[in-house]
Amino acid sequence: MTTTTDLVSYEDALASYDPVMGLEVHVELGTKTKMFCGCSTTLGADPNTQTCPVCLGLPGALPVVNATGVESAVKIGLALNCEIAEWCRFARKNYFYPDMPKNFQTSQYDEPIAFDGYLDVQLEDGEIFRVEIERAHMEEDTGKSTHVGGATGRIHGASHSLLDYNRAGIPLIEIVTKPITGAGERAPEVAKAYVRELRELIRALGVSEARMEMGQMRCDVNLSLMPKGADKFGTRSETKNVNSLRSVERAARYEIQRHAAVLDSGGTVIQETRHFHEDTGSTTSGRTKEEAEDYRYFPEPDLVPVAPPREWVEEIRAVLPELPLVRRTRLLAEWGISATDMQAILNAGALDPIVATIEAGADAASARKWWMGELARAANESGKALDELPITPGQVARVAELVAGGDLNDKLARQVIEGVLAGEGTPDEVVDKRGLKVVSDEGALTTAVDEAIAGNPAIADKIRGGKVAAAGALVGAVMKATRGQADAARVKELILQKLGVGEG
């Protein structure tokens, strides 16, 4: 058996093989308690303080299903255009992991709550690609292992490991696609677009914050290659727990190149799990992947089946929110922007802040301008997401209102935003503290204009001679004299009036 860590070029890989993907996404639900017990799910608690006999798997402890978890699963299934099972049950998935205190995971196997759905995703150029959904099923999360003493944070080379069972039992929904074929060279882009669309959908439903960087949403990227013209899938690898959109795309691309190198060299792809490394964009071997029979699934004897009433399912369907793709299509038309502009907004994570700013009273153009300009720059400099900045959509709307009303110009508005971000108070408080209002007093402006004309007689003569563009220099002088607090358009009007020159 031959293995290789060499890569072929992406173009050469796609010339010889067709990629087949399967994406498994785990979503941590935002319930107040765990899936089968009453323990809190609040983040940040001291290790092993949010546990009980049920989630620790102690003898005699009996689980009870979290009703909100079931409702969230139904919402997700409906939003993914799935069939909702009239009757389903939980199963025990048996395997040993130190962070699984029961030595089995309560999951669903052959009877998921939702199945046979699809999600349409939009690629960078606006093309819609349909991803078929195999199933969405309920299960519980594992605990957390921290490996201490090694250089990599992994178990290899560590001196000891610490176990925190606070996360054990937190509700998860696992969403599994059918094999994704036909994407060709765009397969990595499809993977990224699917996970992004799924994240937006989950957030729209309000069932999870789906913050990938916090582990609330994780993607396993399954990938195999078929020689061109073949009809049988190749052996797959599974890159586990990829936790960013960019990394999903990079992991798929890397595995395409790696598989092609193995196959081109006459080697055999091993069915295994792999780890993705953010720093290099590469994957390394984890463990040989088990088949379903290795888990010895059997029905969970301590839980009754789940049978969602049809009336209840239809009540949930009736109140589903507008789905992300539909919403974006509507907003694109309402705002009169291009698909490229919308993609830039999505990439910046600005859509929700912009919508909230409009709802707070700003016009669409102003809301986009401030979030995609000054605030995007501040987010980049601070290394934060837009929605993590210490400014609210209502405050951004107030800045836009002050500009529209002539109390601020753009330069002053940027200073106001800077002050709000620095914790100096609301926009109005920053304006007062810093003395940032536009100078609107005609007497003060007239005096400043007179001084600018008197101090620049040569430029004034050019303007009188018909070179209206030269007025920019006098406007600049007035703006400097007023510390940027004059209305530039009004200043220009006054200058031309004083010099007896018309705009035309």
Side-chain angles (χ1 to χ4, degrees), residues 17-28 73 76-77 79-82 107-108 112 114-124 127-139 141 172-203 205 208 210-213 215-226 233-259 269 271-276 278 281 283 286 289 292 323-325:
Y17 304 98
D18 290 320
V20 178
M21 294 187 301
L23 302 172
E24 302 173 15
V25 176
H26 291 82
V27 178
E28 188 178 282
I76 292 171
L80 291 173
N81 303 288
C82 289
S107 181
Q108 291 187 305
F115 54 92
D116 286 345
Y118 65 87
L119 181 63
D120 288 332
V121 302
Q122 190 168 30
L123 305 184
E124 295 282 347
E127 179 185 340
I128 302 297
F129 190 98
R130 175 162 292 185
V131 176
E132 303 284 345
I133 305 296
E134 175 73 34
R135 56 193 280 142
H137 65 259
M138 301 178 286
E139 60 185 23
D141 210 345
L172 292 179
I173 298 296
E174 181 175 356
I175 302 161
V176 182
T177 70
K178 294 180 180 180
I180 301 170
T181 60
E185 65 180 10
R186 304 189 75 174
E189 183 188 351
V190 168
K192 176 183 178 181
Y194 167 75
V195 177
R196 179 176 57 214
E197 191 70 22
L198 187 57
R199 182 186 65 180
E200 295 307 310
L201 182 147
I202 295 296
R203 289 176 175 175
L205 294 174
S208 173
R211 298 182 75 98
M212 297 187 75
E213 73 280 6
Q216 295 173 338
M217 182 170 170
R218 315 187 286 274
C219 181
D220 298 340
V221 181
N222 291 268
L223 188 129
S224 66
L225 295 182
M226 291 192 302
F233 294 163
T235 303
R236 66 186 172 90
S237 61
E238 181 180 11
T239 305
K240 299 286 288 184
N241 294 328
V242 185
N243 65 356
S244 77
L245 298 178
R246 178 170 177 262
S247 295
V248 167
E249 183 174 30
R250 294 171 75 202
R253 187 181 183 94
Y254 181 89
E255 283 296 282
I256 288 172
Q257 294 179 261
R258 185 185 69 83
H259 280 230
V269 174
Q271 182 165 319
E272 62 182 349
T273 64
R274 297 184 68 84
H275 302 295
F276 180 74
E278 295 276 356
T283 68
K289 178 64 176 172
L323 298 184
L325 182 57

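The analysis underlying the following values was restricted to heavy atoms, covering all of them including side chains, and did not include hydrogens, waters or symmetry mates.
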A side-chain contact here means heavy atoms from C-beta on lying under 4.5 Å apart; do [X] and [Y] qualify?
X	Y	answer
L172	V27	no
E249	R246	no
N243	E213	no
E272	E238	no
E132	L119	no

I'd like to know if the side chain of [X] reaches the main chain of [Y], judged simply by a donor and an acceptor atom lying under 3.5 Å from each other, with no hydrogens or angles considered.
X	Y	answer
Q216	R211	yes
R218	G215	yes
D220	K240	no
T177	L23	yes
R199	Y194	no

For E278 and S247, what are the C-alpha separation, side-chain angles and deciding distance, and is it a side chain to side chain donor-acceptor pair (under 3.5 Å)? CA-CA 7 Å; E278 295 276 356; S247 295; 2.7 Å; yes

Could you check E255 against R274 for salt bridge (Lys or Arg N to Asp or Glu O under 4.0 Å), going step by step and ending with a plain yes or no? CA-CA 10 Å; E255 283 296 282; R274 297 184 68 84; 3.4 Å; yes

Counting only heavy atoms not in E134, do more than 12 sit closer than 6.0 Å to its CD atom? yes

